[in-house]
Amino acid sequence: MSILEDLNPPQRAAVATVEGPLLILAGPGSGKTRVIAHRIAYLVDVAGVEPWRIVAVTFTNKAAREMRSRVEAHLGDGARELVLGTFHAICARLLRVEAERIGLSRSFNIFDDADQMALMKRVVTELGIDTKRFKERALLSAISRAKSELRTAEECARSTADYFQELTARCYERYDELLAENGALDFDDLIMKTVEMLRDSNWIREKYQDRFLHVLVDEFQDTNVAQYQLARLFAGKHGNICVVGDPDQSIYSWRSADIRNILDFERDFPQARIVLLEQNYRSTQTILDAAHAVIAGSKERKQRSLWTDRGAGEPIVAYEAYDGEEEASFVAHEIQTLVDAGHGLSDFAVMYRTNAQSRAIEEALMAAGIPYQIVGGTRFYERREIKDLLAYLRLVQNPFDVVSFTRVVNVPGRGIGAKTVAELERWAKELEVPVYTALQLLAEQEKGRSTTTSERHPIAPRQAKALVAFMQLLDDLIAVSAKNSLSTLLDAVIGRTAYRRYIFAEADADGSGADEDAEERWANVGELQNVVSGYDGIAPEAALIRFLEEVALISDADTVAEQGEATTARVTLITLHSAKGLEYPVVFMTAMEEGVLPHIRSFDDQLQLEEERRLCYVGMTRAKERLYLIRAFRRYGMGVSQHAPPSRFLHDIPPSLVVQRSPVRDEAAAVERGPQRLREAIAARRELPSSPPDGGIEAGARVRHATFGDGVVVSCVPDRDDYVVTIAFKGGAGIKKLMLSMTSLELV
DNA sequence: ATACACGCGCTTTTT
DNA sequence: GCGCGTGTAT
């Protein structure tokens, strides 16, 4: 039985326990992905289960692709028939198959974040909601939370505890109505509608329960209530449900992920077998010990351990830079040093808490000539030109999509302003028909036909003419789509709208420098044509549906270059959230400061603080060989520069695992930065009270710093919840004065 | 209808 | 320090 051969005993149990419910608690680097792939192969090869009877859910599309290719290694072409994907992708597929039976259009569009916002804007305007007090974002996320707990608008309306909830319920109802009118579903709908479908239709439920003999869910700690219900529904008949997760890596509670699912699983399936994977094959013992020290600070955590036989390895490097800029250049410099020592560029990942932090790192890497890739950030499919063209394609698939309609009805400009659109919408509402239907009526009237059957439209002749032309364009495109490849359709969109001319004409109007921008945007259009050509083998109608679906469900993490992929080697820049599930030989975690990690918005909530801690743990456990924990002494935020105290998580790491470094140790940098620090220290002394503050250190006191050695205090001033102390140190080249955090000092 | 200028609010994390 | 949205001028 070659499938079980190179597995350790718990892994083997996880693979070969075929019948009944199974909970696998898998620590970071414990070979979880491998176990799942082997398990699927085992089910097929040894237990004789047909691949199409297995449904496996992953967290990202990339994980699904990876899983499929791993299973392929065992099963060959049989892997094709597996139902394998994210919850969202699998649900979208099922809903399309069953669409007619549940009163859904088969060509529904999937609304992404921006589409949802656009729709919500309409809702709040319609309902006259004060968006100063109640943000669309907040209302949307309340609705999303409700949907992820399978609560309908009606149910929300029945139990409102305060005004915000009442408002949410009202918005929810209207928002859903608008989605339906637009022939669209949002992300949460994909899950919720599938659950409702399986719950309400005995026939459909039995069909899938009979079909799915085995259900697997990866990253179970990050599923929400609706997703868990769905998994249970799938497994409702045979009860062969296997979930894999790690409560310590639960970092998506803000997206309604619910750790309680793990506890509920044990309750819902009391006979469940539990397997613990605790041997780590990824990191050095030093990295594991440090990560463990951080996560052990978490309350209400079941004691678990993690071990490796890989040896201690390099100590962790803790680096205090002066500011964000210096932090970034340290990263660049360090990467260069390690590259010179033989590392490849793809060995490195720089991780940060917020996307905004990537900027500084990016600039430093660029200046150093180090190639990099940013995961997430401004995504390709969020570029204006791409969204425009996608909106045309979406209109072709579903002309009732008002969000896409308003986006491109006047792009490129064709004399149809907001007022005209509003007029058209009002008329449509009056006739109680969708906007697209109103447009068709208007076109007929303009052609002089059937003026008697409906009320005369209120649009001025010139605008009416423009609208008719737009509808003609749309209808032509729909005709093209019926019997041509996706490429031909996209080319038709670009050609018929003169999109290239539009891009360059817009650049001209803007003035200097914009030409490059236009070139880049046109290149993006070319890239989209490239992507689309990958769908040309598929039948025209199916190709459009599939392409739009895949684009809608694409995620940040999906854009990480896969290992062994034939691209040029690059350093990876990535958020801690997106980094989950990945590993790199060398990891830099930046901005290890109070307010960033943990993030300031989590300060007043114990549960959120715990999640920040887990986020830190996730980041640390990505590292295989070397881990850098970097912070800056002062950092810019919202226009001002402030002193940033070190992250509380750093204090949890035993000092014996860490080597402290700072620019003064790295002498070249010290010479450069010394005078600037001194200037700022003097400036600070002028602005702030100079008397020794309560709880501070008297001027003249002798202190010790881990990096700089012994020194004498020049001044000590309060700065937020710490003191900034200016100290004169005896350095090799005379006396240096530095500003430091008081917490980093020791009195001697 | 389009173009530009100013002011406000804000920044977690994303399928 | 920035992007977005609103308001005003052409």
Side-chain angles (χ1 to χ4, degrees), chain A residues 57-64 85-92 110-114 116-117 121 131-132 135-137 140-141 144 147-148 185-192 219 222-224 226-227 250-257 324 351-360 375-379 381-382 384 410-421 460 462-463 466 505-506 509-511 549-559 574-580 591 595-603 605 608-609 611-612 614-616 618-619 636-641:
Chain A
V57 188
T58 56
F59 192 67
T60 63
N61 294 301
K62 179 179 172 253
T86 62
F87 271 111
H88 293 90
I90 290 172
C91 287
I110 299 169
F111 270 18
D112 69 12
D113 191 62
Q116 291 173 38
M117 280 295 269
K121 288 225 164 83
T131 50
K132 289 259 147 53
K135 303 258 175 302
E136 292 96 328
R137 258 264 111 72
L140 260 182
S141 79
S144 168
K147 286 186 175 181
S148 67
L185 299 182
D186 68 15
F187 289 131
D188 300 300
D189 282 341
L190 293 175
I191 316 290
M192 189 172 175
E219 304 287 6
D222 289 323
T223 55
N224 63 35
Q227 291 166 334
S250 156
I251 53 174
Y252 282 99
S253 75
W254 51 272
R255 215 172 76 188
S256 308
M351 301 183 184
Y352 34 80
R353 178 65 236 269
T354 65
N355 278 309
Q357 289 169 247
S358 66
R359 198 94 163 242
V375 178
T378 28
R379 284 168 271 194
Y381 289 103
E382 280 171 16
R384 195 165 85 235
N410 201 31
V411 174
R414 46 175 78 90
I416 304 171
K419 221 177 129 210
T420 308
V421 174
R462 251 175 71 187
Q463 275 73 293
E506 217 186 29
D510 280 353
E549 183 169 304
E550 277 167 24
V551 167
L553 296 179
I554 215 157
S555 75
D556 275 357
D558 294 333
T559 64
I574 193 168
T575 63
L576 289 166
H577 280 89
S578 298
K580 192 185 63 163
V596 182
L597 185 68
H599 196 271
I600 190 160
R601 300 255 302 234
S602 68
F603 278 4
D605 183 340
Q608 283 191 54
L609 274 172
E611 185 147 313
E612 297 288 307
R614 293 193 293 268
L615 195 52
C616 182
V618 166
Y636 287 99
M638 292 208 276
V640 282
S641 166

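So that the names make sense, note that chain A is the first sequence line, chain B the second, and so on, each numbered from 1.
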Inset, instruction - Assign each of A/Trp254 and A/Gly417 to its nearest nucleotide of DNA chain B by heavy atoms, then name whichever residue's nucleotide is nearer the 5' end. - result: A/Gly417

Legend entry - Residue whose closest nucleotide on DNA chain B lies nearer the 5' end, A/His599 versus A/Gln116: A/His599

Could you state the atom-to-atom distance from [atom1] of [X] to [atom2] of [N] in whole Å?
{"X": "A/Glu219", "N": "B/dT13", "atom1": "CD", "atom2": "P", "result": "20 Å"}
{"X": "A/His577", "N": "B/dT11", "atom1": "NE2", "atom2": "P", "result": "16 Å"}
{"X": "A/Ile574", "N": "B/dT13", "atom1": "CD1", "atom2": "C1'", "result": "12 Å"}
{"X": "A/Asn355", "N": "B/dT14", "atom1": "CG", "atom2": "C1'", "result": "10 Å"}
{"X": "A/Leu553", "N": "B/dT14", "atom1": "CG", "atom2": "C1'", "result": "13 Å"}
{"X": "A/Ile251", "N": "B/dT15", "atom1": "CD1", "atom2": "P", "result": "11 Å"}
{"X": "A/Lys135", "N": "C/dC4", "atom1": "NZ", "atom2": "P", "result": "16 Å"}
{"X": "A/Ile416", "N": "B/dA1", "atom1": "CD1", "atom2": "P", "result": "10 Å"}

Counting only side-chain heavy atoms from C-beta out, which of [options] sits nearest to [X]?
{"X": "A/Phe187", "options": "B/dA1, B/dT11, B/dT15", "answer": "B/dT15"}
{"X": "A/Lys121", "options": "B/dT13, C/dG5, B/dT15", "answer": "C/dG5"}
{"X": "A/Asn410", "options": "B/dT15, B/dT2, B/dT11", "answer": "B/dT2"}
{"X": "A/Tyr252", "options": "B/dA1, C/dG5, B/dT14", "answer": "B/dT14"}
{"X": "A/Ala356", "options": "B/dT11, B/dT15, B/dT13", "answer": "B/dT11"}
{"X": "A/Thr575", "options": "B/dT15, B/dA1, B/dT13", "answer": "B/dT13"}

Legend entry - Shortest non-hydrogen contact between A/Glu612 and A/Val596, atoms and distance: OE1-O, 4.1 Å

Inset, instruction - Kindly say whether A/Ser148 contributes a backbone atom to a donor-acceptor pair with the side chain of A/Asp188 at under 3.5 angstrom? - result: no

Legend entry - N/O donor-acceptor pair under 3.5 Å between A/Gln463 side chain and A/Ala460 backbone: no

Inset, instruction - Please name all residues satisfying side-chain hydrogen bond (donor to acceptor under 3.5 Å, both in side chains) with A/Ser253, sequence neighbours left out, ordered by chain then number. - result: A/Glu611

Inset, instruction - Would you indicate, yes or no, if B/dT15 has its OP1 or OP2 atom less than 4.0 angstrom from a side-chain nitrogen or oxygen of A/Thr60? - result: no

Inset, instruction - Examine B/dA1: is either OP1 or OP2 under 4.0 Å from a nitrogen or oxygen in the side chain of A/Thr420? Give yes or no. - result: yes

Inset, instruction - Classify the ring geometry between A/Phe59 and A/Tyr252 as parallel (under 30°), tilted (30 to 60°) or perpendicular (over 60°). - result: tilted

